Number of protein chains: 2
Amino acid sequence: MPNEQETERPRTRIQQRNRDLILEAALEVFSTHGFRGATLDQIAIEAGLSKPNLLYYFASKEAIHNELLSGLMDTWLDPMRAMDSNGEPIDEILAYVDRKLEMSRMYPRESRLFANEIVQGAPRILDALKGELKQLVDEKVAVIRDWTSQGKIASVHPYHLIFSIWSLTQHYADFDVQVRAVLGEEEPFDAAPVYLREVFLKILTP
Amino acid sequence: MPNEQETERPRTRIQQRNRDLILEAALEVFSTHGFRGATLDQIAIEAGLSKPNLLYYFASKEAIHNELLSGLMDTWLDPMRAMDSNGEPIDEILAYVDRKLEMSRMYPRESRLFANEIVQGAPRILDALKGELKQLVDEKVAVIRDWTSQGKIASVHPYHLIFSIWSLTQHYADFDVQVRAVLGEEEPFDAAPVYLREVFLKILTP
DNA sequence: CCAGTATTTGACCAGTCGGTCAAAGTAAGG
DNA sequence: CCTTACTTTGACCGACTGGTCAAATACTGG
C-alpha cells in the first residue's frame, strides 16, 4: 500500500503519474467548491480513475487536501522569500509585487484553493499560518522597518503593506469572475501589472 | 403556503420572525462553508427550527441562498452609490473607502458570503455582476474619468482603482483569520482605516 | 513463463443529503 | 367554543457521501 508512509515519495512511474493525476484533479475540484463542497466522485471522474483507486493512493479526502495545501504553501511563499534585504528597497518590493501577481496569473486555482480555505476559517492550515507564515512575515517586516528607518522607503505600516500586496495581487485570481464581469471584454492582466506598479511606487516613495 | 409567491413580503409576525431566523442562520452557515458545503440540517439547527419547517418558508436550499444574495447585493453596493459626483473628488473617494471598510468590519459574514460565491465562480450571481454591478461601476468610472480630466485627482486606471478599493477593504473581512494569525495580538481594524486612507491619498493626489 | 507484487475495480456499507407528506398541533376570528 | 387557516414535525424517500474489501487484473524480476 503506497500511502502507508506519507513522508516518502512514490517509487514507481505509475504511482508518480497517478498521484499527479489525482492532485491535479483535486486542485481543480477543491479550488472551485471548497473542501466540504468537493466530492471524491468528482475528483475521481476528473482524474479519470475509479474512486477506490483514489483511496489506494491517498488515505482519505482530507489527506488529498492536506497534501495539496502543504505542497503549495512552500511555492506560494517563494516570492516573499526571494525579497533580498541587501537589494534596493523599492525595487525589491516592486519586484515582489510583480512575482506575486505573476503567480496569481499562472496559478489561479492554487490561489483560489487558499482563498477558499482561509475564507472558510482556515480550519486545516491555521497552524501553518500562525507558524511558518507568521515567522516569514515577521522576518520581512523587520527588513522593511530597517528600510523605513534608513529613509529608503516611505514610513508605512509594514504588516498592512504586506497585506496590501497579498490582497491586490490575489484579487485578480480569486475574484477573476467579478473582475471580468465588470471589465467586459478587456483583459484584466493587461493593465493590472502597470497599475499595481504605479500604486506601490506611490505608496513607497518617501 | 407562505413561499408560493416569492415577491411579496410575509404577513404574520410568525412568518417574519421565522424567515429572519432562517436567513440569519443561513448567512452563518453559507458564509463559512459555501453553497455546496452548507447543509439544510446545519441551518435548521442554527435557526432552532426543524428541517421541514425551513422548507415550509423557503422552497429549497437554493431559494434561501438566492434570497440572501439578492437581499445583500443592494446593501453591499450602497457605499458606492453614495459617491457624489458633485462632491470634492478626493474626499468622495476616501469616504467611499471608509464606508466600504466599515461595511467589512460590521458585516464580515456578508462579505464572506459574496467571497465564497465569487471565488467559486459566481454560478448564481454572474448575471447580477454583469448587469447591476457593471452598470453601477461604469457609471462611477465615468465620474472618476471626469475628475481625472479636470486634474482633480491623479490619472489612474479607474476600473483598477475600484478593484483596489474592493480588494483592500474586503481583505480584512474575507481573510480575517490570516490577518489575525500574522498580526498576533494586534487588532487589524485599529490600523487598517488609517493605513488605507494614507494609501489612497497617495494614489489619488495629482 | 511464472511467481509474487502492485494496481484496479465492482459490489457494497452506513451515514447524510435535499426534499416530501400526511398528520398533528396551534392561533385567530366570529 | 368551534371552525378554519396557519404552523410544526416525525417518518420517510431516493440519491449521494466517504470509505471498505475481496476478487480480478496488470506488471515485474528471475
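Everything numeric here is computed off the predicted structure, so don't read it as measured data. Chain A is the first sequence line, chain B the second, and so forth, proteins listed ahead of strands; every chain is numbered from 1.
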Peer 1: Quickly work out the B/N53 CG to C/dT26 P distance and round it to whole Å.
Peer 2: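 The answer, rounded to whole Å, is 13 Å.
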
Peer 1: Going by atom types only, do A/Y195 and B/S164 share a side-chain donor-acceptor pair under 3.5 Å?
Peer 2: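 Note: A/Y195 and B/S164 side chains meet the donor-acceptor criterion.
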
Peer 1: Whole angstrom is fine here: how far is it from CZ in A/F58 over to P in D/dT20?
Peer 2: 15 Å

Peer 1: Could you tell me how far apart B/Y56 (OH) and D/dA5 (P) are, to the nearest whole angstrom?
Peer 2: 13 Å

Peer 1: For A/K61 and D/dC16, give me the distance from atom NZ to atom C1', rounded to whole Å.
Peer 2: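 Those two atoms, NZ and C1', are 12 Å apart.
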
Peer 1: Tell me whether the side-chain N/O atoms of B/N18 come closer than 4.0 Å to OP1 or OP2 in D/dC6.
Peer 2: no

Peer 1: Are any of the side-chain heavy atoms of B/L69 and B/M73 separated by less than 4.5 Å?
Peer 2: no

Peer 1: When you measure from the side-chain N and O atoms of A/Q15 to the phosphate of C/dT7, is any distance below 4.0 Å, counting only OP1 and OP2?
Peer 2: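 Yes, such a contact exists.
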
Peer 1: Consider the side chain of B/D41, meaning its heavy atoms from C-beta on, and name the nucleotide among D/dG18, D/dC6, C/dC17 that approaches it most closely.
Peer 2: C/dC17

Peer 1: Picking from C/dT7, C/dC21, D/dG18, which would you name as closest to the side chain of B/P52?
Peer 2: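 Taking heavy atoms from C-beta onward, the closest nucleotide is C/dC21.
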
Peer 1: D/dG18 base to A/K51 side chain: any donor-acceptor pair below 3.5 Å?
Peer 2: yes

Peer 1: Without decimals, in angstroms, what is the distance between B/I45 CD1 and D/dT9 C1'?
Peer 2: 15 Å

Peer 1: Between B/E187 and B/R180, does at least one N-O distance fall below 4.0 Å, as a salt bridge requires?
Peer 2: yes

Peer 1: Roughly, in whole Å, what's the span from CZ in B/R19 to P in D/dT8?
Peer 2: 13 Å

Peer 1: C/dG19, C/dC17, C/dT8: which one has an atom nearest the side-chain heavy atoms of B/T39?
Peer 2: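 Nearest to the side-chain atoms of B/T39, counting from C-beta on, is C/dC17.
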
Peer 1: When the distance from CG of A/L40 to C1' of C/dT9 is rounded to whole Å, what number comes out?
Peer 2: 16 Å

Peer 1: Any ion pair linking B/R112 and B/E28 (charged N to carboxylate O, less than 4.0 Å)?
Peer 2: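 Answer for the salt bridge query: no.
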
Peer 1: Quick one: on DNA chain C, does B/R36 or A/S50 contact a more 5' nucleotide (nearest heavy atom)?
Peer 2: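 Nearer the 5' end of the strand: A/S50.
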
Peer 1: What integer distance in Å separates A/L49:CG from C/dT9:P?
Peer 2: 7 Å

Peer 1: State whether B/Y172 and B/R105 meet the cation-pi test: NZ (Lys) or CZ (Arg) under 6.0 Å from the six-membered ring centroid, and within 45° of the perpendicular axis.
Peer 2: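 That pair does not qualify as a cation-pi contact.
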
Peer 1: Students often get this wrong, so: under 4.0 angstrom with heavy atoms, is A/A38 touching a base, only sugar-phosphate, or nothing?
Peer 2: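 Since only primed, P, OP1 and OP2 atoms lie under 4.0 Å of A/A38, the category is sugar-phosphate.
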
